[in-house]
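Heads up, the thing below is written out as structure tokens.
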2 protein chains.
Amino acid sequence: MVKITDVARHAGVSPSTVSYALSGKRPITEDTRRRIEESIRELGYRPHAGARALASSRSNVIALVIPLRTGVHVPVVMQFAASVVTAARRYDHDVLLLTQEEGDEGLRRVADTSLADALIVMDVQLHDTRLPLLRTLDRPSVLIGFPADPSGLTCIDLDFRAAGGACVDHLAEKGHRTIALIGSPPAVYARETGFAQRVAQGFTAAADGHGLSSSVHPCDPTPAAAKELAGRLLRTHPDLTGLVIHNEPLVRPLTEAFQAMGLRIPQDLALTAICPDETAEQAPVPVTSVAVPAEEVGAKSVELLMRKLEHVPVPQSTLIPPLLTQRASS
Amino acid sequence: MVKITDVARHAGVSPSTVSYALSGKRPITEDTRRRIEESIRELGYRPHAGARALASSRSNVIALVIPLRTGVHVPVVMQFAASVVTAARRYDHDVLLLTQEEGDEGLRRVADTSLADALIVMDVQLHDTRLPLLRTLDRPSVLIGFPADPSGLTCIDLDFRAAGGACVDHLAEKGHRTIALIGSPPAVYARETGFAQRVAQGFTAAADGHGLSSSVHPCDPTPAAAKELAGRLLRTHPDLTGLVIHNEPLVRPLTEAFQAMGLRIPQDLALTAICPDETAEQAPVPVTSVAVPAEEVGAKSVELLMRKLEHVPVPQSTLIPPLLTQRASS
DNA sequence: TTGAAAGCGCTAACAC
DNA sequence: GTGTTAGCGCTTTCAA
């Protein structure tokens with residue numbers, strides 16, 4: 001194995017000079033730097049990660065905790081993870097993958113052993129059990145999602161409130177006067193990630209702002225529930241012409257249910273959804289939608305983390321503005 | 001930070017004894033071990049990962065390279081990654097996530113810097129450009145998928161040949177006499193992962209073995225192509241009563257196309273597929289299918305890698321036998 | 001602008 | 001069964 005002393009000898013300098021040439025932490029004469037770089041290339045030198053971590057107390061690794069529970073749309077998680085890896089590499093960092101399953105112990109382990117310098121935690125729940133730990137851990141972290149009390153933490157996510165509003169704005173603009181939100185299962189509103197409430201708030205506020213009649217309907221994510229709800233909606237809200245769906249598995253069944261009842265989309269009923277682009281595109285009628293910008297959230301998370309590692313202050317909350325993509329359903 | 005010398009002092013032993021108590025690499029008196037464990041707990045000691053890696057030349061990290069290209073079913077990749085992480089933890093290892101994009105350089109980097117002890121590479125192509133590197137790297141690796149020449153490598157995957165055969169066996173058992181394989185796009189047969197050919201071989205061999213008439217039909221993964229092919233099949237193969245679909249995006253469109261042409265499934269046409277369970281379950285008629293056992297492949301990959309790290313010989317090829325799940329389509 | 005040298009915290013001979 | 005100690009390869013003071 002080639003080590004820094006080999007490079008130093010080959011370039012006719014001291015090991016520290018090689019180290020500084022590599023880190024840029026002190027000025028090096030152009031000529032010296034060139035010689036060092038040449039030696040590195042010639043010898044194929046690669047600094048030993050462990051030795052580096054030990055001497056500098058920086059592993060250049062960030063840990064990423066991904067959720068595995070059902071109900072989280074898997075492709076979005078992947079997209080996010082990929083974007084974290086890509087962004088991390090831009091800062092010369094690598095990504096260690098942890099699963100939710102490991103819980104607090106996993107976080108503590110990678111932090112306490114100095115395996116990771118910092119943490120990104122996905123799928124943060126309103127009353128996430130990991131919050132106290134994350135607050136006391138001596139390593140910076142960024143949470144994807146907003147807990148009930150984000151104090152002392154750094155959080156980022158799509159602005160779900162604004163997303164709900166954006167769908168309503170779009171429907172209002174198209175002239176709809178009576179709209180409904182089809183939301184997450186009742187259970188989700190009570191606990192979990194909190195974005196369900198935020199969408200509903202944004203939806204209602206925007207509807208009120210536009211002077212529209214609106215109603216909110218939690219729904220279980222099953223085709224049967226979709227069918228039942230579709231029928232009920234038409235009966236109880238005969239004026240209904242616009243819908244916001246915030247329940248990924250229901251996009252297709254709902255569309256099919258309404259079509260089966262003879263409604264044409266978008267002529268009789270306009271659909272909008274908050275769901276992955278993939279889902280929106282593959283629906284029977286491609287649905288106008290707002291997606292979680294996984295790529296952007298991932299990249300921004302890493303940026304926030306890097307700033308925190310440099311002790312640059314960062315905002316406690318980062319809300320990514322929604323981007324609505326119009327499709328055939330409206 | 002609590003270090004091993006602190007623990008040693010607290011327990012009244014030498015640092016090496018603590019180290020050996022932790023690693024189990026030499027016998028320790030029951031009483032000493034108890035005192036050490038108590039000190040560790042009391043002081044909250046966690047060995048520094050970098051220091052460990054430096055002293056032992058083992059990072060206890062394995063690198064996992066995941067594909068991001070389209071055409072790879074994302075949930076399967078996630079399932080696989082999760083199972084690798086879980087299995088790795090059982091061996092006290094962590095997983096570093098790399099993306100295909102980084103290419104050779106990523107592999108070389110984590111190997112040469114001793115960041116990772118070993119590598120798992122997913123989505124290996126027939127003539128994968130990384131093969132020469134993986135052969136010469138001084139770190140053990142396991143490939144998911146089989147290249148054209150697997151010599152000097154350790155590969156694992158579903159036995160696609162047997163999977164093709166299993167679908168045919170199932171159809172033969174149900175009394176079908178004329179069957180067809182709807183395969184990957186023509187381009188895939190020429191290059192890429194090679195499982196397309198293997199499925200076709202297994203399909204044809206089994207059909208011949210059962211004395212069935214069979215035909216193979218590559219198809220582009222678009223609903224239009226599905227519709228066209230469905231029509232053509234009925235025209236050119238009027239006796240056709242059984243199908244094997246090995247083209248994930250086509251499962252739904254094909255089913256819909258046949259239904260639209262008035263065929264009842266399974267009465268007029270029996271369907272089987274090689275696709276993720278998720279796809280099979282969500283089809284208009286749930287499809288009898290063979291899935292890539294991502295969980296098992298992930299766990300086995302890690303096991304193979306761990307054996308290689310201990311210099312225990314492992315088989316060059318590991319083929320996971322297919323498991324067919326019968327559903328409504330047959 | 002560069003060099004010398006003291007660690008970083010741990011493991012694994014080697015010695016007893 | 002346990003202790004002593006020399007590194008592992010790098011970074012970073014301190015000194016020049």
Side-chain angles (χ1 to χ4, degrees), chain A residues 1-37 39-40 43-61 92 109-117 138 309, chain B residues 1-37 39-40 43-61 92 109-117 138 309:
Chain A
M1 184 205 193
V2 181
K3 32 197 182 183
I4 201 167
T5 50
D6 299 327
V7 175
R9 197 177 319 115
H10 188 272
V13 297
S14 77
S16 62
T17 303
V18 176
S19 175
Y20 284 118
L22 246 30
S23 69
K25 286 189 182 169
R26 82 181 184 191
I28 308 275
T29 315
E30 186 42 40
D31 177 59
T32 320
R33 148 164 290 122
R34 239 206 38 270
R35 279 201 338 273
I36 292 175
E37 280 167 1
S39 300
I40 289 179
L43 302 180
Y45 168 69
R46 295 285 208 161
H48 186 288
R52 257 192 168 171
L54 178 57
S56 66
S57 37
R58 281 297 220 96
S59 66
N60 272 37
V61 165
D92 195 32
R109 180 170 53 78
V110 298
D112 290 354
T113 63
S114 299
L115 225 193
D117 295 332
D138 56 332
L309 280 171
Chain B
M1 184 203 193
V2 181
K3 32 195 179 185
I4 201 167
T5 50
D6 299 328
V7 176
R9 196 178 317 114
H10 189 270
V13 296
S14 76
S16 63
T17 302
V18 177
S19 174
Y20 284 119
L22 246 31
S23 69
K25 286 189 181 170
R26 83 182 184 189
I28 308 275
T29 316
E30 185 42 41
D31 177 60
T32 321
R33 149 164 291 121
R34 238 207 37 271
R35 281 202 335 273
I36 291 176
E37 279 168 1
S39 300
I40 288 179
L43 303 180
Y45 167 68
R46 295 286 207 160
H48 187 287
R52 253 188 171 175
L54 179 56
S56 66
S57 36
R58 283 295 221 98
S59 66
N60 272 35
V61 165
D92 195 32
R109 180 169 53 80
V110 297
D112 290 353
T113 63
S114 297
L115 225 192
D117 295 333
D138 57 331
L309 280 171

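Naming convention: chains lettered A, B, ... in sequence-line order (proteins, then strands); numbering from 1 in each chain.
Residues A/A53 and B/G50 approach most closely at CB-CA, 4.3 Å, considering heavy atoms. Contact between B/A8 and B/P15 at its shortest, heavy atoms only, is CB-N, 3.5 Å. Taking each heavy atom of A/A21 and A/R33 in turn, the nearest pair found is O-NH2, 3.6 Å.
Rounded to 10 degrees, the angle between the two end axes of the helix from C/dT1-D/dA16 to C/dC16-D/dG1 is 30°, with five pairs used at each end.
A heavy-atom distance below 4.5 Å is not found between the side chains of B/R52 and A/T113. A heavy-atom distance below 4.5 Å is found between the side chains of A/Y45 and A/L22.
Contacts of residues 1-11 of chain B with DNA chain C (heavy atom under 4.0 Å): B/M1, B/K3, B/I4. Using a 4.0 Å cut-off on heavy atoms, the residues of residues 20-37 of chain B that approach DNA chain D are B/R26, B/P27, B/I28, B/T29, B/T32, listed by number.
Every pair passing side chain to side chain donor-acceptor pair (under 3.5 Å) that includes a residue from residues 5-18 of chain A is listed here, sequence neighbours excluded: A/H10-A/S39, A/H10-A/E42, A/S14-A/S16, A/S14-A/T17.
In this structure, A/L115 atom CG and C/dG9 atom P are separated by 16 Å, rounded to whole Å. In this structure, the NE2 atom of A/H48 is 19 Å from the P atom of C/dC8, given to the nearest Å.
Looking at A/N60, its side chain does come within 3.5 Å of a backbone N or O of A/D92 through a donor-acceptor pair. For B/S59 (side chain) and B/L115 (main-chain N/O), a donor-acceptor pair under 3.5 Å exists by modelled atom type.
Reading DNA chain D from its 5' end, the first and the last nucleotide to sit under 4.0 Å from a heavy atom of chain B are D/dG1 to D/dG9.
Between B/S56 and B/P15, the one whose closest nucleotide on DNA chain D sits nearer the 5' end is B/P15.
For the pair B/S16 and C/dA12, the criterion of a side-chain N or O lying under 4.0 Å from OP1 or OP2 is not met.
Listed nucleotides: C/dA4, C/dG9, C/dC8. Nearest to the side chain of A/A55: C/dC8.
Atom OG in B/S57 sits 9.5 Å away from atom CE in A/M1 (nearest 0.5 Å).
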Output a table of donor-acceptor pairs, distance under 3.5 Å, between side-chain atoms of residues 25-32 of chain A and any protein atom two or more places apart or on a different chain; print 'none' if there are none.
unit_1	atom_1	unit_2	atom_2	d
A/D31	OD1	A/R34	NH1	3.1
A/D31	OD2	A/R35	NH1	3.1

